[in-house]
A.B. asks: 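This structure is in structure tokens; I'll ask about it shortly.
Numbers restart at 1 for each chain; the letters A, B, ... are given by sequence-line order, proteins then strands.
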There are 2 protein chains.
Amino acid sequence: MNIGEVANQAGVAPKTIRYYESVGLIPAATRRANGYRDYRTADLHTLRFIQRARALGFAVAEVEELLTLWRNKRRKSSAVKAMATAKIDEIDRKIAALQAMKRAIRYLTANCHGDTRPECPILDELAGGRA
Amino acid sequence: MNIGEVANQAGVAPKTIRYYESVGLIPAATRRANGYRDYRTADLHTLRFIQRARALGFAVAEVEELLTLWRNKRRKSSAVKAMATAKIDEIDRKIAALQAMKRAIRYLTANCHGDTRPECPILDELAGGRA
DNA sequence: CTTGACCTTCCAGTCACTGGAACCTTTATA
DNA sequence: TATAAAGGTTCCAGTGACTGGAAGGTCAAG
């Protein structure tokens, strides 16, 4: 399989695959006579695993850990679950931060007329508000 | 005021102030005889404005727009309100994405025993799941 | 024979800082 | 007075995870 083909099937960009190779997340692909990278089904599975883990918010370094766990037949499932729950906590913190921002902006906009006049409580609050 | 003093009062790092100057968000500060940057109360107000806007999730380029609007006495408050509501929408999209991740991870962890055994539905799903 | 779609490498840019080196100035203390 | 700590200065590099683009090689089709 060429890189474009495997990229398509895994749902990632060819450039991303080369990037993953460059940072050691995946081993260097074998090359054909013409220098093209050559992928096999196992590589596709790995890339799909990576794509899914990334989509769940795991950083590349964490995906590396997950891959190691995946390949380790003597792993403890508690290690995997710990990573998952830690990620949920991290996501919760991010959501909370975003919700706080949203609340603050909504509070500011509530009293803004949003018309052709210059008076604007949003700017007033940014300038000196207790917000 | 030295940079450390104004940084303290505005709630930003001295390095951040120099960075803002370097990217043109604030004008180059006047210098004292010894080469130190010298800030006045107006600069402090500007930096506080910037700090608050950044805390609300506005990018530096957006803060620049807000500053321009703030200084423009012939602005329309609708322009400010539009930026605020656009930012709320952006935050909403981020929250939704994070919540989707969280749901997916929680779904995966639900069936994981999290003990000393290797069997792990989280890895199973990442490997080939319909997740 | 050429066009277009692939592939290759390498460098630079994104965003908003932050760390660190190497150096100078001011202030406080022994 | 010496010196050390705390502050200031500049400049360069790194962060994360790609992405864009240049410059070039390869391959399949018309």
A.B. asks: Of A:Ile3 and B:Arg54, whose closest DNA chain C nucleotide lies nearer the 5' terminus?
C.D. replies: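 Residue closer to the 5' terminus by nearest nucleotide: A:Ile3.
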A.B. asks: Taking 4.0 angstrom as the limit, do B:Glu21 and B:Arg18 come out as a salt bridge?
C.D. replies: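 A salt bridge is absent here (no side-chain N lies under 4.0 Å from a carboxylate O).
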A.B. asks: Tell me which residues in residues 82-101 of chain B put a heavy atom below 4.0 Å from DNA chain D, sorted by number, or none.
C.D. replies: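 None, since no heavy atom is under 4.0 Å.
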A.B. asks: In Å and rounded to the nearest 0.5 Å, what is the CD to CG distance from B:Gln9 to B:Asp43?
C.D. replies: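 Rounded to the nearest 0.5 Å, the CD-CG separation comes to 12.5 Å.
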A.B. asks: Can you tell me how far P of D:dA6 sits from CD of B:Glu5, to the nearest Å?
C.D. replies: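 Taking atom P of D:dA6 as the reference, CD of B:Glu5 is at 17 Å.
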A.B. asks: For a quick check of understanding: with a heavy-atom distance under 4.0 Å over all strands, which category does B:Ala59 fall into, base, sugar-phosphate or nothing?
C.D. replies: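 Sugar-phosphate contact only - B:Ala59 comes under 4.0 Å of backbone atoms but never of a base.
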A.B. asks: Using the heavy-atom set of chain A and a strict 4.0 Å cut-off, write down the first and last nucleotide of DNA chain C that makes it in, 5' to 3'.
C.D. replies: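 Using the under 4.0 Å cut-off, the span is C:dC6 to C:dT9.
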A.B. asks: Assess whether a salt bridge exists between B:Arg31 and B:Asp38, defined as any Lys/Arg side-chain N lying under 4.0 Å from an Asp/Glu carboxylate O.
C.D. replies: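 Between B:Asp38 and B:Arg31 there is no salt bridge, as every charged N stays at least 4.0 Å from the carboxylate O atoms.
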A.B. asks: Calculate, to the nearest 0.5 Å, the distance between atoms CD1 and CG belonging to A:Ile17 and A:Leu25 respectively.
C.D. replies: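 Reported value, rounded in 0.5 Å steps: 11.0 Å.
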A.B. asks: State which residues pass side chain to side chain donor-acceptor pair (under 3.5 Å) with A:Glu119; sequence neighbours excluded, sorted by chain then number.
C.D. replies: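 By the side chain to side chain donor-acceptor pair (under 3.5 Å) rule, A:Glu119 matches no residue at all.
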A.B. asks: State whether A:Arg93 and A:Glu90 are salt-bridged, where the test is any N-O pair (Lys NZ or Arg NE/NH1/NH2 against Asp/Glu carboxylate O) under 4.0 Å.
C.D. replies: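 No salt bridge links A:Arg93 with A:Glu90.
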A.B. asks: Tell me: CD1 of A:Ile17 to C1' of D:dT19, nearest whole Å?
C.D. replies: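 Spelled out: CD1 on A:Ile17 to C1' on D:dT19 is 15 Å.
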A.B. asks: Taking 4.0 angstrom as the limit, do B:Arg52 and A:Glu125 come out as a salt bridge?
C.D. replies: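 A salt bridge is absent here (no side-chain N lies under 4.0 Å from a carboxylate O).
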A.B. asks: With sequence neighbours excluded, what pairs up with A:Gln99 under the side chain to side chain donor-acceptor pair (under 3.5 Å) test?
C.D. replies: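 With sequence neighbours excluded, A:Gln99 shows a side chain to side chain donor-acceptor pair (under 3.5 Å) to no residue whatsoever.
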A.B. asks: Choosing from D:dT9, D:dT19, D:dG8, which nucleotide comes nearest the side chain of B:Asn2?
C.D. replies: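 That would be D:dG8.
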A.B. asks: Under a 4.5 Å cut-off applied to non-hydrogen side-chain atoms, are A:Met83 and A:Leu66 in contact?
C.D. replies: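 Side-chain contact under 4.5 Å: yes.
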A.B. asks: Please report the distance, rounded to the nearest Å, between CE in B:Met1 and P in D:dG7.
C.D. replies: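 About 16 Å, once rounded to whole Å.
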A.B. asks: Is any side-chain heavy atom of A:Cys112 less than 4.5 Å from a side-chain heavy atom of B:Lys81?
C.D. replies: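 SC-SC contact between A:Cys112 and B:Lys81 confirmed.
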A.B. asks: Looking at DNA chain C, which of residues 19-31 of chain B put a heavy atom within less than 4.0 Å of it?
C.D. replies: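 Going residue by residue through residues 19-31 of chain B, the ones with a heavy atom under 4.0 Å of DNA chain C turn out to be B:Tyr19, B:Tyr20.
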A.B. asks: Regarding B:Asp92 and A:Lys102, does a basic nitrogen lie under 4.0 Å from an acidic carboxylate oxygen?
C.D. replies: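 Yes, charged N to carboxylate O under 4.0 Å.
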A.B. asks: Same hydrophobic cluster for A:Tyr20 and A:Tyr36, using side-chain heavy-atom links shorter than 4.5 Å among ILVMFWY?
C.D. replies: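 Different clusters: A:Tyr20 never reaches A:Tyr36 through Ile, Leu, Val, Met, Phe, Trp or Tyr contacts under 4.5 Å.
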A.B. asks: Regarding A:Arg18, tell me which of base, sugar-phosphate or nothing describes its non-hydrogen contacts under 4.0 Å with the strands shown.
C.D. replies: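 The residue A:Arg18 makes base contact.
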A.B. asks: Scan residues 33-46 of chain B against DNA chain C and write down, sorted by residue number, each residue with any heavy atom closer than 4.0 Å; if none is found, say none.
C.D. replies: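 Listed by number, they are B:Asn34, B:Tyr36.
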A.B. asks: Output the distance between atom CZ (B:Phe49) and atom CG (A:Leu123), rounded to the nearest 0.5 Å.
C.D. replies: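 Those atoms lie 5.0 Å apart.
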